[in-house]
Amino acid sequence: MSIQVKFFASLREQLQIDEIQIQADQAGTVMQVWQQATNSQAIPANLLCAINMEYVGLEHAVVDGDEVAFFPPVTGG
Amino acid sequence: MSIQVKFFASLREQLQIDEIQIQADQAGTVMQVWQQATNSQAIPANLLCAINMEYVGLEHAVVDGDEVAFFPPVTGG
Amino acid sequence: MVVQIRNEPFDAYAEVQIMQDSLEQQGKFGATSVFVGTMRDFNEDESVQSMFLEHYPGMTEKYLTQISQQAKQNWPIIDSLIIHRVGQIEPGDSIVLVAVWAAHRAAAYDANRYLMEELKSRAPFWKKEQLNDGQRWVEKNTPS
Amino acid sequence: MVVQIRNEPFDAYAEVQIMQDSLEQQGKFGATSVFVGTMRDFNEDESVQSMFLEHYPGMTEKYLTQISQQAKQNWPIIDSLIIHRVGQIEPGDSIVLVAVWAAHRAAAYDANRYLMEELKSRAPFWKKEQLNDGQRWVEKNTPS
């Protein structure tokens with residue numbers, strides 16, 4: 001299973017990861033994607049997550065080919 | 001006592017009076033101005049009144065030199 | 001704070017830009033709320049050819065100035081602009097423009113809507129519509 | 001229904017006029033509500049020199065399209081326009097434009113504010129401010 005993982009804004013700078021592709025043997029959750037992609041760093045307060053550009057929670061299931069994104073609270077407008 | 005009286009919009013057309021100056025011997029109310037200016041025609045529902053370009057009620061006192069205006073509900077904007 | 005009554009068509013968005021460029025507090029406003037009322041070519045299921053907008057000269061300006069001052073007291077706004085057409089108006093013409101500049105959006109939105117609701121409910125303007133088969137006074141404005 | 005992300009400065013009121021001129025339903029809209037967010041030269045008591053606006057390409061357009069469709073379901077509106085800047089932004093530049101056309105004012109006002117609140121709370125954009133002595137990420141938007 002191959003998952004594309006993206007980080008944005010202050011989170012991208014803190015983790016020093018822009019984008020990473022991870023491989024997993026079995027289906028998992030967004031939380032497990034975070035742990036694998038960040039080497040189990042602590043989850044920031046107010047972390048936002050999306051799968052394929054739709055907001056989801058940390059317990060949401062991830063399937064092969066998904067794009068998972070992590071980012072801080074948004075500040076547009 | 002001299003009072004300038006103005007009528008607007010549909011009311012002006014119905015009464016066929018644009019503007020009229022009336023004389024009165026003693027102080028009165030907006031209601032009395034209406035009666036004198038219109039020969040005591042019935043007061044329309046939703047009649048609006050102003051003295052010197054400020055909204056007032058029919059019982060408001062009128063003094064010499066006032067401009068009194070009568071008009072229907074407003075429909076600007 | 002600007003209030004204007006116009007006898008001729010005006011370009012609403014150009015007017016907003018002109019006033020904005022003249023504001024002293026450049027860099028201070030983060031939020032601008034603009035409302036434009038435009039003449040439609042139908043009303044109450046009837047086609048409307050044109051419209052005559054009558055007003056009470058003097059009282060309209062006085063009233064619109066009062067509500068502009070009230071808006072400035074009620075909300076932290078930087079400036080406001082009201083332009084209202086009178087006279088003969090064609091479909092597609094701008095009838096009314098209300099613009100409010102503020103640091104933040106809540107004040108801009110709230111003050112703009114306050115000005116429009118006060119204008120609609122109390123400013124002494126009256127519309128007479130020219131229909132295919134005659135004319136009629138618009139009897140009242142909708143409350144919101 | 002138009003949603004655009006722009007890398008370059010845009011003239012907000014000219015954009016409203018261009019979209020308005022292109023609407024098929026000329027003579028049908030009586031109310032236009034426009035909101036423009038502009039970059040200020042200070043924030044949280046500090047002078048801001050410029051700003052970088054990052055976004056999530058693809059998700060921003062998808063999200064803004066979703067809320068535009070939702071607005072059209074929730075209110076009787078004729079059309080809507082959202083333009084949002086990204087990249088390097090200077091004080092006085094327009095950041096966001098939301099415009100809504102409707103027959104009547106309540107729908108125009110309500111849908112416009114809905115779009116701005118949804119955009120502010122959920123659209124994936126992030127601001128980084130350049131101050132006199134360094135830079136900082138804006139941590140959160142105000143709720144109204």
Side-chain angles (χ1 to χ4, degrees), chain C residues 11-21 23 25-43 47-51 78 90-110 112-117 119-120 141-144, chain D residues 11-21 23 25-43 47-51 78 90-110 112-117 119-120 141-144:
Chain C
D11 181 339
Y13 301 113
E15 297 286 346
V16 173
Q17 191 65 57
I18 289 166
M19 169 110 173
Q20 181 162 304
D21 292 342
L23 295 180
Q25 300 191 53
Q26 295 297 323
K28 304 308 173 210
F29 58 90
T32 311
S33 174
V34 176
F35 181 86
V36 180
T38 304
M39 191 191 153
R40 297 186 305 146
D41 59 13
F42 66 101
N43 191 24
S47 173
V48 180
Q49 306 308 305
S50 66
M51 193 165 77
I78 290 169
E90 308 301 323
D93 283 3
S94 297
I95 300 171
V96 61
L97 164 66
V98 172
V100 175
W101 289 264
H104 301 290
R105 72 188 185 284
Y109 273 118
D110 290 344
N112 190 299
R113 194 154 189 179
Y114 165 84
L115 289 172
M116 270 306 298
E117 298 306 328
L119 185 156
K120 280 266 186 187
N141 272 337
T142 47
S144 73
Chain D
D11 181 339
Y13 301 113
E15 297 286 348
V16 173
Q17 190 66 57
I18 290 167
M19 170 108 173
Q20 181 162 306
D21 292 342
L23 294 180
Q25 300 192 53
Q26 296 297 322
K28 304 308 173 210
F29 58 90
T32 312
S33 174
V34 176
F35 181 86
V36 180
T38 304
M39 192 192 153
R40 297 186 304 147
D41 59 11
F42 67 102
N43 190 24
S47 173
V48 180
Q49 307 306 306
S50 66
M51 193 164 76
I78 291 170
E90 307 300 322
D93 283 3
S94 297
I95 300 171
V96 61
L97 162 66
V98 173
V100 175
W101 290 265
H104 300 289
R105 72 188 184 284
Y109 273 119
D110 289 344
N112 190 300
R113 194 152 190 180
Y114 165 83
L115 289 172
M116 271 305 299
E117 298 307 327
L119 184 156
K120 280 265 184 185
N141 272 338
T142 47
S144 73

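Chain letters run A, B, ... following the sequence lines, proteins first, then strands; residues in each count from 1.
Heavy-atom distances place both the backbone and the side chain of D:T142 under 4.5 Å from chain C. For chain D, no part of C:N141 is nearby; none of its heavy atoms comes within less than 4.5 Å. Interface residue D:N112: backbone and side-chain heavy atoms are both found under 4.5 Å from chain C. In this structure, chain C has heavy atoms under 4.5 Å from both the backbone and the side chain of D:A103.
Counting heavy-atom pairs closer than 4.5 Å to chain D, the top residue among C:M116, C:M39, C:H104, C:K120 is C:K120. Taking C:A31, C:G92, C:P91 one by one and counting their heavy-atom pairs under 4.5 Å with chain D, the maximum is reached by C:A31. Interface remark: of the candidates D:Q20, D:E117, D:Q26, D:E117 forms the most heavy-atom pairs closer than 4.5 Å to chain C. Between chain C and the residues D:A106, D:A12, D:G30, the largest count of heavy-atom pairs under 4.5 Å involves D:G30. With chain D as partner, the option from C:V48, C:I95, C:D110 having the largest number of non-hydrogen pairs under 4.5 angstrom is C:D110.
Within the 4.5 Å cutoff, the side chain of D:T32 has no heavy atoms near those of the C:F35 side chain. Contact check for C:D11 versus D:Q17: side-chain heavy atoms found under the 4.5 Å cut-off. The side-chain heavy atoms of D:Y13 and C:V34, taken from C-beta on, include a pair separated by under 4.5 Å. A heavy-atom distance below 4.5 Å is not found between the side chains of D:R113 and C:R105.
Of the inter-residue distances, the one linking D:T38 atom OG1 with C:K28 atom NZ reads 13.0 Å to the nearest 0.5 angstrom.
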